[in-house]
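Below, all heavy atoms of this structure are taken into account, side chains as well, without hydrogens, waters or symmetry copies. Here the structure is a predicted model, which means the values were calculated and not measured.
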There are 2 protein chains.
Amino acid sequence: MGRRREFDIEQALDAALCVFWRKGYEGASYADLTAAAGVERPALYSAFGNKEELFRKALQRYYKRFLHYMPEALTLPTAREVAAHILYGAVDLNTRFDDHRGCLYINGVLAGSDEAEPVRQVLIQGRAIAEREIRERFERAKAEGDLPETAKPDALAAFLMAVTHGIAVQAKAGFNRQTLEGVAEQALASWPQGRSPDTSAG
Amino acid sequence: MGRRREFDIEQALDAALCVFWRKGYEGASYADLTAAAGVERPALYSAFGNKEELFRKALQRYYKRFLHYMPEALTLPTAREVAAHILYGAVDLNTRFDDHRGCLYINGVLAGSDEAEPVRQVLIQGRAIAEREIRERFERAKAEGDLPETAKPDALAAFLMAVTHGIAVQAKAGFNRQTLEGVAEQALASWPQGRSPDTSAG
DNA sequence: GCGGTTTAATAATGGTCGTTATGAAACAGC
DNA sequence: GCTGTTTCATAACGACCATTATTAAACCGC
């Protein structure tokens, strides 16, 4: 009994998920959400509860629909395969959609309204400058023989920045110093070895 | 001529920097900023311009005061030392202050008002669950000999998550797929080798 | 002590936020 | 066709946001 719902509830949740993915939790306003879902505000409230509940439901949907590579990875036979599956799965998911890059978990907190976009650009640019300087330093190292001929300075610089970003996120999430030092140590374990500068000089 | 300023402008900027560090750009309101600086709104506006300019000045101060390990690193003799200095410098800075962990660049976009805190906790918790599952998988791998006895499952899991976080941040910043695959590849280059499951079975 | 000028504090502005009250419209059973 | 129930769209709510107009207070040279 009663008037029947005129919109597809699954479709509206997908639209909301997409908006959250793109703009983060706080960056997504009801103006954005209703525009994407093609549904007025009270309809979203009655269907999903308030904004926080809507986000949580979008999160569950995200997990079920896009994060399957995680449980998949855990079933693989070797630890290396587990790690590879997670890493390449993340790369794939994070670059799959041009209009909402990154992952919902990180973007959710890496939020921001449209007005704050210039500030985000400044921060992104700052990181890009740092990465370029590191890459140039590594190119010199390669020329000097400190890094082997096979080394890729741009990949090494990007890797270094990625680990640094990851450490920053984890620190914000409350990880202790010892754990993060372990992360740094592990990152260094893979460092390509060239001939030592001392050897070449002697 | 004219009334002299009653507050220390450097001290106010330090206070603002601290607030931005803790709450991010959008998460920091003028209520927070004035409370921390001990100065009324119009004073901040006349001294630093609007919020965006204030943030940019705080960013410059942050760079000068806390990011010195970056240019320092670039002067070291070997690429490995450069990388190590950056990584451990980041760990140190990100865990130095208990009341504002992480780095200003990441926190600046990893923003959020106080009301969004529960949502951030959900996201943090989600990542923590994923990390725990990975760690448990790696502990099994160690027991099975797939990871060597010297391997540290918790450090490996934390490292894996850090790289994944870093990839997500970089994807959001617009890095292309190929670059991120290079990051994943580099992360795998350090993977500790145990005896292969096939070898042990044969 | 009196203009001119800079800063201080109070309070108001317009806008946007998440949330909801309100009443019309669409259905079910009788 | 009427009653009861659910959904619809419009519009309003109070709270907070960044920004600024306004006025009082503190200083300079004279």
Side-chain angles (χ1 to χ4, degrees), chain A residues 1-13 15-17 19-20 22-59 108-109 111-122, chain B residues 1-13 15-17 19-20 22-59 108-109 111-122:
Chain A
M1 40 182 148
R3 181 170 175 175
R4 56 175 65 105
R5 180 173 279 125
E6 294 178 5
F7 68 96
D8 185 339
I9 205 168
E10 304 292 313
Q11 205 168 321
L13 185 53
L17 165 57
V19 172
F20 281 130
R22 188 148 28 95
K23 302 198 164 193
Y25 174 67
E26 290 204 84
S29 72
Y30 268 90
D32 300 323
L33 293 167
T34 54
V39 158
E40 294 304 321
R41 275 162 225 237
L44 288 184
Y45 275 91
S46 81
F48 305 105
N50 68 6
K51 192 182 178 183
E52 183 172 339
E53 292 180 59
L54 173 56
F55 183 74
R56 295 174 108 104
K57 277 161 187 158
L59 214 56
V109 287
S113 65
D114 291 339
E115 294 93 46
E117 186 57 35
V119 170
R120 275 193 296 279
Q121 288 304 321
V122 169
Chain B
M1 40 183 148
R3 181 171 174 173
R4 58 174 64 106
R5 178 174 279 125
E6 292 177 6
F7 68 95
D8 185 339
I9 203 169
E10 304 291 314
Q11 206 169 320
L13 185 53
L17 165 56
V19 173
F20 281 130
R22 189 150 26 97
K23 302 198 163 193
Y25 173 68
E26 291 204 86
S29 73
Y30 267 90
D32 300 322
L33 293 167
T34 55
V39 156
E40 295 302 323
R41 276 159 224 240
L44 288 184
Y45 275 91
S46 80
F48 304 107
N50 67 6
K51 193 182 180 183
E52 182 171 340
E53 291 181 59
L54 173 57
F55 183 73
R56 295 175 108 103
K57 276 160 188 159
L59 213 57
V109 288
S113 65
D114 291 338
E115 295 92 47
E117 186 58 33
V119 171
R120 274 194 295 279
Q121 288 303 320
V122 169

Which listed nucleotide ([options]) is nearest to the side chain of [X]?
| X | options | value |
| --- | --- | --- |
| A:Ser29 | D:dC17, C:dG18, D:dC8 | C:dG18 |
| B:Arg5 | D:dT7, C:dT7, C:dT19 | C:dT7 |
| A:Arg3 | D:dC17, C:dG18, C:dA26 | C:dA26 |
| B:Arg4 | C:dA8, D:dC27, C:dT19 | D:dC27 |

OP1 or OP2 of D:dT19 under 4.0 Å from side-chain N/O of B:Asn50: yes
Determine yes or no for a side-chain-to-main-chain donor-acceptor pair under 3.5 angstrom, with [X] supplying the side chain and [Y] the backbone.
| X | Y | answer |
| --- | --- | --- |
| A:Lys57 | A:Phe48 | yes |
| B:Glu26 | A:Ser113 | yes |
| A:Lys51 | A:Tyr25 | yes |

A:Arg22 side chain reached by A:Asp32 side chain, heavy atoms, under 4.5 Å: no
d(OH, B:Tyr30; P, C:dA12) in whole Å: 21 Å
Name of the residue among A:Leu44, A:Ile9, A:Thr34, A:Leu33 meeting side-chain contact (heavy atoms from CB on, under 4.5 Å) with A:Val39: A:Leu44
For DNA chain D, the residues among residues 41-49 of chain B that have a non-hydrogen atom under 4.0 Å from it: B:Arg41, B:Pro42, B:Tyr45
Contacts of B:Arg5 that satisfy salt bridge (Lys or Arg N to Asp or Glu O under 4.0 Å) - sequence neighbours left out: none
5' priority, DNA chain C, between B:Glu40 and A:Glu115 [closest heavy atom]: B:Glu40
